[in-house]
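Got a structure for you, questions after.
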Amino acid sequence: MAPEPPLLTMSGITKSFPGVRALDGVDLEVQAGEVHCLLGQNGAGKSTLIKVLAGAHQPDDGEITWCGAPAVLKSPITAMRLGIATIYQELDLVEGLSVAENVFLGHEPTSAGFVVRTREGRTAAAALLKRLGHPEIDPSREVGALSAAQQQIVSMARALSHDVRLIVMDEPSAALDPDEVDNLFRIVASLTAEGVAVVYISHRLEEIRRIGDRVTVLKDGRAVAVGLPAESTPTRDIVALMTGRNVEYVFPPRTGTTAGNARTAPVLTVEGLTRKGEFAPVDLELRPGEIVGLAGLVGSGRSEILETIYGARKATAGRVTVAGKPLRPGSVRAAVAAGIGLAPEERKAQALLMLESVTRNVSVSSMSRFSRAGWVDRGAERQAARAATRELSLRPDNPDTPVRTLSGGNQQKAVLARWLLRGCRVLLLDEPTRGVDVGARAELYAVIRRLADEGLAVLLVSSEVPEVLGLADRVLVLREGRVVHTADAGELDEHRVLDLVMEGSPAS
């Protein structure tokens with residue numbers, strides 16, 4: 001018998017925008033029932049390629065074959081009718097509508113062609129949610145009230161509400177904790193067992209080993225490798241293909257600065273800090289030049305601790321002092337004035353002014369430096385912002401660049417530059433490399449370590465245990481809002497930390 005043709009073949013796909021060739025002859029082949037991982041740094045062309053596949057962009061050149069026959073994807077509706085669904089990283093759900101209304105948006109069950117059968121829609125949505133292993137999600141509930149993980153399940157249910165044969169998942173694990181990632185992988189395995197193909201995009205290379213069958217790597221708009229075996233291709237080879245150089249998940253060496261500062265007075269002291277219902281009393285000290293990591297699952301209180309120290313949440317009990325001076329609880333202004341800066345988890349929504357320039361994003365916390373009698377010295381503001389961004393090697397080296405056009409890694413550098421310009425002494429980092437490609441991660445790791453070596457105190461939160469262990473000098477392990485273990489990072493390994501966050505133990 002002749003072998004089955006690929007479900008999807010994209011050959012020589014080219015797409016240009018004014019001044020930019022986003023795709024330059026890209027090939028992609030996907031078999032039914034496989035997980036095909038699409039990898040590449042930010043700007044490599046992944047987003048443009050999946051938008052061509054989704055019918056949102058029309059290619060300038062190249063051919064697309066679907067089930068062995070030529071196909072023209074004129075629009076997202078055309079792609080969906082063929083059985084191609086795309087779940088973007090920024091979920092396109094309508095928050096004011098119910099779960100069921102989102103699942104069947106655009107193809108609602110109707111009577112006589114115009115009367116929506118609400119009860120039938122809810123029953124069908126419940127069946128899809130049960131298929132995805134989440135029968136607890138109420139189809140009548142407003143989707144905006146759901147967690148990020150539950151919203152992602154709703155997006156998958158929407159895809160399955162069509163006769164889908166291929167699902168594109170763009171960074172589906174970015175906002176999930178380890179248990180939720182395991183459930184995601186279970187769902188993917190059940191879909192592929194039914195013959196559904198999945199194109200899976202992720203910056204987390206360890207996920208590729210767990211879930212992928214084959215890998216295609218993009219760099220600068222070109223496919224530099226097509227259909228590599230995911231399990232047997234070495235990670236360093238994949239990274240080299242993505243970056244054009246041998247960059248690995250290597251953390252900068254600890255220089256001994258922390259040990260030398262062991263007798264230095266803490267710059268940040270947290271005593272009995274508590275928020276009822278979120279985290280129990282937390283005690284920690286942070287010295288100049290030290291990186292302390294908080295490890296734990298989503299919901300363990302990690303981010304809430306950082307936000308309470310920063311004053312964005314008001315503590316129920318306890319106190320925070322900076323250089324021996326107590327902070328006023330629940331006051332961001334007091335925290336910033338004392339020298340605390342926060343790079344939050346959702347930098348686009350919580351830290352960046354997306355429609356403004358790099359200059360304005362960097363200077364926004366230091367405007368008093370550039371204001372004279374009600375006027376802002378724009379030249380001085382721009383010069384100071386440029387000096388701060390150059391110190392972090394932000395690219396492109398143009399302070400007038402709109403921050404929304406930067407890659408994830410460079411957007412994070414803009415946030416860090418803001419606090420450098422402000423002269424902060426304590427930097428709170430919440431998921432500093434989320435949505436950042438592997439090459440830029442290595443740069444950020446080096447930046448964070450260098451800032452610590454120069455005397456900055458860093459309190460770090462990350463969902464990726466290797467990141468916490470690789471960057472931090474000391475680690476506090478959290479479980480259900482309590483510190484269950486404290487140790488030097490060198491005394492822990494990933495398995496020990498995961499055991500602690502899952503099972504817990506008395507704090508030590």
Worksheet entry | Chi angles and distances behind the side-chain contact (heavy atoms from CB on, under 4.5 Å) call for D138, V99 | CA-CA 7 Å; D138 183 355; V99 168; over 6 Å; no
One should read off an interatomic distance between L428 CG and L306 CG, to the nearest 0.5 angstrom, of 4.5 Å
Note to self: I'd like to know if R386 pairs up with D397 as an ion pair, taking the criterion as any Lys NZ or Arg NE/NH1/NH2 lying under 4.0 Å from an Asp or Glu carboxylate oxygen.
What the structure shows: yes
Checklist entry - Backbone N or O of A44 within a donor-acceptor pair of the D220 side chain at under 3.5 Å? => result no
Looking only at heavy atoms, the pair that brings F17 and H57 closest together is CZ-NE2, 3.7 Å
**OP:** Run the salt-bridge test on E443 and R395 with the 4.0 Å N-O cut-off and return the result as yes or no.
**Re:**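 Yes, charged N to carboxylate O under 4.0 Å.
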Check: Take atom CZ in R328; do more than 12 heavy atoms of anything else shown fall under 6.0 Å from it?
Finding: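 Not buried by this count: 12 neighbours or fewer within 6.0 Å.
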Checklist entry - Between CG of L459 and CZ of R474, what distance do you get to the nearest 0.5 Å? => result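 Result: 9.5 Å between the selected atoms.
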Taken to the nearest 0.5 Å, the spacing of L49 CG from L38 CG works out to 6.0 Å
A side-chain contact here means heavy atoms from C-beta on lying under 4.5 Å apart; do E101 and V94 qualify?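 Not in contact.
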Report task. Start with the C-alpha distance between V468 and L492, add both sets of side-chain angles, then the distance that settles side-chain contact (heavy atoms from CB on, under 4.5 Å), and finish with yes or no. Result -> CA-CA 10 Å; V468 175; L492 297 169; over 6 Å; no
Tightest non-hydrogen contact, residues Q151 and L146, listed as NE2-O, 3.4 Å
Rounded to the nearest 0.5 angstrom, the CD-CZ distance for E391 and R450 is 5.0 Å
- Item | Backbone of K314 reached by a side-chain donor or acceptor of R275 within 3.5 Å | yes
On a heavy-atom basis, the closest approach of R287 and P266 is CG-CA, 3.9 Å
If we ignore hydrogens and angles and just use 3.5 Å, is the side chain of D377 paired with the main-chain N or O of F370 as donor and acceptor?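 Checking the backbone N and O of F370 against the side chain of D377, no donor-acceptor pair under 3.5 Å is found.
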(Q) Set out, in order, the CA-CA distance, both residues' side-chain angles and the distance that settles side-chain contact (heavy atoms from CB on, under 4.5 Å) for R404 and K348, then state yes or no. (A) CA-CA 9 Å; R404 70 179 184 277; K348 290 183 180 180; over 6 Å; no
- prompt: Do V403 and L353 come close enough that some side-chain heavy atom pair is under 4.5 Å?
  reply: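 Not in contact.
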Given the options L406, V415, V364, V358, L352 meets side-chain contact (heavy atoms from CB on, under 4.5 Å) only with V415
TODO: State, with a plain yes or no, whether a side-chain heavy atom of M169 is found less than 4.5 Å away from one of M156.
DONE: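 With C-beta onward as the side chain, the pair touches.
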When rounded to the nearest 0.5 Å, the distance separating NE2 of H134 from CD of Q150 is 7.5 Å
- Message: Strictly distance-based, threshold 3.5 Å: is any side-chain N or O of R369 a donor or acceptor partner for the main-chain N or O of L421?
- Response: yes
Check for a donor-acceptor pair, side chain of Q152 on one end and backbone N or O of P172 on the other, with a separation under 3.5 Å.
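Here the side-chain-to-backbone pair exists.
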Using a 4.5 Å cut-off on heavy atoms from C-beta on, say whether the side chain of V458 contacts that of R449.
->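 They are not in side-chain contact.
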Problem set entry | Any donor-acceptor N/O pair, E307 side chain to A312 backbone, under 3.5 Å |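 Not a single qualifying donor-acceptor pair exists.
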| Does some side-chain heavy atom of D400 sit less than 4.5 Å from a side-chain heavy atom of R382? |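 A side-chain contact exists here, since the closest heavy-atom pair is under 4.5 Å.
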**Report entry** Main-chain N/O of P399 paired with T359 side-chain donor or acceptor, under 3.5 Å
**Finding:** yes
Item to complete: Can you label the angle between the F185 ring and the Y200 ring as parallel, tilted or perpendicular, going by 30° and 60°?
Response: perpendicular
(request) Applying side-chain contact (heavy atoms from CB on, under 4.5 Å), run through F279 and T308 and close with a yes or a no. (result) CA-CA 10 Å; F279 57 87; T308 304; 3.6 Å; yes
Is a salt bridge present between E381 and R378, judged by a nitrogen-to-oxygen distance below 4.0 Å?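 Looking at R378 together with E381, the answer is yes, because their closest N to O distance falls below 4.0 Å.
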TODO: Evaluate the criterion salt bridge (charged side-chain N to carboxylate O under 4.0 Å, His left out) for residue pair R441 and E464; output intermediate values, then yes/no.
DONE: CA-CA 12 Å; R441 281 183 177 216; E464 300 185 36; 2.8 Å; yes
**Prompt:** Does CZ belonging to R482 count more than 12 external heavy atoms closer than 6.0 Å?
**Reply:** no
Residues N361 and A351: closest non-hydrogen pair is OD1-O, 4.4 Å
Minimal heavy-atom distance between A265 and P288, with the atoms involved, is O-CD, 3.6 Å
Check: S393 main-chain N/O paired with K413 side-chain donor or acceptor under 3.5 Å:
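The answer is yes, because a donor-acceptor pair under 3.5 Å joins these two groups.
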Smallest heavy-atom separation, G341 atom then C424 atom, equals N-CB, 4.1 Å
- request: Could you tell me whether R302 and D430 make a salt bridge, using a distance below 4.0 angstrom between a side-chain N and a carboxylate O?
  value: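 Looking at D430 together with R302, the answer is no, because their closest N to O distance does not fall below 4.0 Å.
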- Task: Check whether any side-chain heavy atom of L429 sits under 4.5 Å from a side-chain heavy atom of L416, and report yes or no.
- Result: yes
- So does R347 pair up with E431, basic N to acidic O under 4.0 Å? no
Practice prompt. Could you check if a side-chain atom of M354 sits within less than 4.5 angstrom of a side-chain atom of Q411, using non-hydrogen atoms only?
Written response: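 They are in side-chain contact.
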Query raised in the report: Are there more than 12 heavy atoms of other residues, nucleotides or ligands under 6.0 Å from atom CD of Q383?
Result: no
Using modelled atom types only, decide if a donor and an acceptor are shared between the side chain of T86 and the backbone of A54 within a distance under 3.5 Å. no
Once rounded to the nearest 0.5 Å, what's the spacing between atom CD1 of I211 and atom CZ of R186?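 If I round to the nearest 0.5 Å, the distance is 12.0 Å.
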Checklist entry - Is the closest side-chain heavy-atom distance between L478 and I305 below 4.5 Å? => result yes
